[in-house]
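The next block holds one structure in the form of structure tokens; read it before the comments.
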Amino acid sequence: MKDKTVRIKDIALKANVSTGTVDRVLHKRGRVAKDVEERVLRIINELNYEPNLMARALGSQKVYRFAALIPDAQFDVYWYGPKAGIEHAFKELKQFGVEVKVYLFNPYEADSFITAAKQLNATQPDGVLLSPIFYREALPFFEHWKAQNIPFVLFNTEITDHQPLSYIGQDSYLSGMLAAKMLQYGLPEPCSILIAHFDEDISNAAHLVKKESGFRKYFIQNQLHDSYKLIKGEFNSAKFSVFHQQLSDVIENNPDLKGIYVTTSKAFEIAAYLKERHIHDFKIVGYDLLPKNVHFLNNGMISFLINQNPKGQGYWGIHQLANHLIFKKEVAVFKYLPLDIVTKENLNYFLDKPEY
């Protein structure tokens, strides 16, 4: 506050007006003669005056109510990460009047998403952070928030044609291309590669569609599509016996299968199956540093993991809302997080470093 007061005094002295006049010009309140206003604004520009928005926010009595709509980690441990990131951001921002309420839904039931989103709407939040894993069901809520002038930030699943304030996460298309490149380098001889989707309605999961598209594009772009046969598989890990039979059928029907790309955090499901059957000649690329994935990365069953930084997604999502609503900063439409390639050799670096 002291620095701001000094600057206002500097402006007042140079413009030969009172500090109160400068304050009225800055905040557009009260009457100020046109010529005086123009003189003050000219001097403000000359001195490169910038208001201390952080100090102003600290002094404000306004409460900013943010709502986070995220999958319940009881159904998939991946979602502990975003929730932890949201909680960390709240601790940093609560001194500025930020409140965050988390609404959880079952990531395998679209109706659960709709119910949680309606509960959220009833509270009329100032801003919303969500992972729109159900594309079709999310669209009416996007339209509602736009009509109500409620900014919303998306994470994990990129849907930019409905004007969110920002998207936080990786470029799903490029991550698919990266996974393809890693597998092709590890499998220089022609073979079959499985694209394995887990527990999702693929037609309603925009991020998985983009990952698969990027993966396929790599082989086409590099004129490798005649050497590598790409097989798509959709698996249900909730039904153990069904999943095992599905995977057994794929392996039996494709004796030249050598690589597997898992588009979600469920690479450990494939690795566990292969270990149980003493199959060790597959290259697997998947996502996320879940404990089970880390275990199979360490023992060599998984070749590479792409770290999607779920904690960072939740953390930066809340900060984007605060930057826009509280600190009046310009917010980038895309905040892409790095495509971190994790191997057994560099794993400890990623486990030890902060993810923000």
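Residues take their numbers from the sequence shown, with the count starting at 1.
- Within the 4.5 Å cutoff, side-chain heavy atoms of R216 are placed close to those of K232.
- Inter-residue side-chain proximity for L289 and L305 is flagged as met; some heavy-atom pair is nearer than 4.5 Å.
- Hydrophobic clustering (ILVMFWY, side-chain heavy atoms < 4.5 Å, transitive): I133 and V77 are in one cluster.
- No side-chain donor-acceptor contact under 3.5 Å links Y103 and N121.
- When all heavy atoms of H162 and F142 are compared, the pair lying nearest together is CB-CD1, 3.7 Å.
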Side chain to side chain donor-acceptor pair (under 3.5 Å) between E137 and N204: does it pass, once the steps are laid out?
-> CA-CA 9 Å; E137 288 75 13; N204 202 23; 2.9 Å; yes
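- Here the side chain of N253 pairs no donor or acceptor atom with the backbone of V250 at under 3.5 angstrom.
- Panel note: side chain N293, backbone F268; a donor-acceptor pair is recorded below 3.5 Å.
- Other residues, nucleotides and ligands contribute over 12 non-hydrogen atoms within 6.0 Å of the CD atom of E143.
- Applying the 6.0 Å contact sphere to NZ of K210 captures more than 12 heavy atoms from other residues, nucleotides or ligands.
- Heavy-atom neighbours of Q124 CD from other residues, nucleotides or ligands within 6.0 Å: at or below the threshold of 12.
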Show me the donor-acceptor pairs, under 3.5 Å and distance only, between side chains in residues 186-198 and residues at least two apart or in other chains.
residue : atom : partner : partner atom : Å
S192    : OG   : D256    : OD1          : 2.8
S192    : OG   : D256    : OD2          : 3.2
H197    : ND1  : T263    : OG1          : 2.8
H197    : NE2  : E212    : OE1          : 2.7

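- For Y273 and S248, the side-chain atoms include at least one donor-acceptor pair closer than 3.5 Å.
- Put simply, OG on S172 and CG on L208 are 8.0 Å apart, with the number rounded to the nearest 0.5 Å.
- The shortest non-hydrogen separation linking P125 to L120 is CD-O, 3.5 Å.
- A distance-only check finds no donor-acceptor pair linking the side chain of D126 to the backbone of F66 [under 3.5 Å].
- Note: F215 CZ to L178 CG = 10.5 Å, rounded to the nearest 0.5 Å.
- Atom NZ of K14 is separated from atom CZ of R42 by 9.0 Å, given to the nearest 0.5 angstrom.
- Between N254 and K229, the side chains place a donor N or O and an acceptor N or O closer than 3.5 Å (distance only, hydrogens not considered).
- A centroid separation of less than 6.0 Å is found between the aromatic rings of F96 and F327.
- Here OG1 of T157 is found 6.5 Å from CD1 of I159. Values are rounded to the nearest 0.5 Å.
- In this structure a side-chain-to-backbone donor-acceptor pair under 3.5 Å is missing from K335 to A332.
- Closest of all the heavy-atom pairs between F134 and P107 is CZ-O, 3.2 Å.
- Between F243 atom CZ and E269 atom CD the span is 5.5 Å, to the nearest 0.5 Å.
- Side-chain atoms of E92 and H88 include a donor-acceptor pair closer than 3.5 Å.
- Formation of a donor-acceptor pair under 3.5 Å by the D288 side chain with backbone atoms of L290 is not found in this model.
- The backbone N or O of S237 lies less than 3.5 Å from a partner atom in the side chain of D199, making a donor-acceptor pair.
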Taking distance alone, no hydrogens or angles, what donor-acceptor pairs closer than 3.5 Å link side-chain atoms of residues 218-226 to residues at least two apart or in another chain?
residue : atom : partner : partner atom : Å
Y218    : OH   : Q184    : OE1          : 2.9
N222    : ND2  : Y218    : O            : 2.8

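- Salt-bridge check for E87 with K91: failed, with every basic side-chain N at 4.0 Å or more from each acidic carboxylate O.
- R39 is listed as a side-chain neighbour of V36, based on a closest heavy-atom distance under 4.5 Å.
- Hydrophobic clustering (ILVMFWY, side-chain heavy atoms < 4.5 Å, transitive): Y261 and L297 are in distinct clusters.
- For the residue pair Q170/H207, the side-chain donor-acceptor check at 3.5 Å is not satisfied.
- Residues V22 and L41 share a hydrophobic cluster, clusters being chains of Ile/Leu/Val/Met/Phe/Trp/Tyr side chains in contact below 4.5 Å.
- N149 and P151 make their closest contact through O-CD, 3.6 Å (heavy atoms, listed as atom of the first residue, atom of the second, distance).
- Smallest separation of non-hydrogen atoms from G314 and L129: O-CD2, 3.8 Å.
- Between the side chains of N309 and Q313, not a single donor N or O lies within less than 3.5 Å of an accepting N or O.
- When side chains are defined from C-beta on, V242 does not count as touching Q245, because their heavy atoms never get closer than 4.5 Å.
- I284 has its side chain out of reach of F296: every pair of non-hydrogen atoms, C-beta onward, lies at least 4.5 Å apart.
- Hydrophobic cluster membership differs between V209 and L230, with clusters built from Ile, Leu, Val, Met, Phe, Trp and Tyr side chains linked at under 4.5 angstrom.
- The shortest side-chain heavy-atom distance between K292 and K266 does not fall under the 4.5 Å cut-off.
- Checking S175 against Y287 by side-chain atom types alone, a donor-acceptor pair falls below 3.5 Å.
- In K118, the NZ atom is not crowded: 12 or fewer heavy atoms of neighbouring residues, nucleotides or ligands sit closer than 6.0 Å.
- Put simply, the side chain of T21 never gets that close to the backbone of V17: no donor and acceptor are under 3.5 Å apart.
- A heavy-atom distance below 4.5 Å is found between the side chains of W145 and L130.
- Ring planes of Y336 and F334: parallel class, angle under 30° (limits at 30 and 60°).
- A 6.0 Å sphere centred on CG of D249 holds more than 12 heavy atoms belonging to other residues, nucleotides or ligands.
- The shortest side-chain heavy-atom distance between F282 and I279 falls under the 4.5 Å cut-off.
- Smallest separation of non-hydrogen atoms from E158 and A206: O-CB, 4.5 Å.
- Taking hydrophobic clusters as Ile, Leu, Val, Met, Phe, Trp and Tyr residues chained together by side-chain heavy-atom distances below 4.5 Å, L13 does not share a cluster with I11.
- Rounded to the nearest 0.5 angstrom, I260 CD1 and K283 NZ are separated by 12.5 Å.
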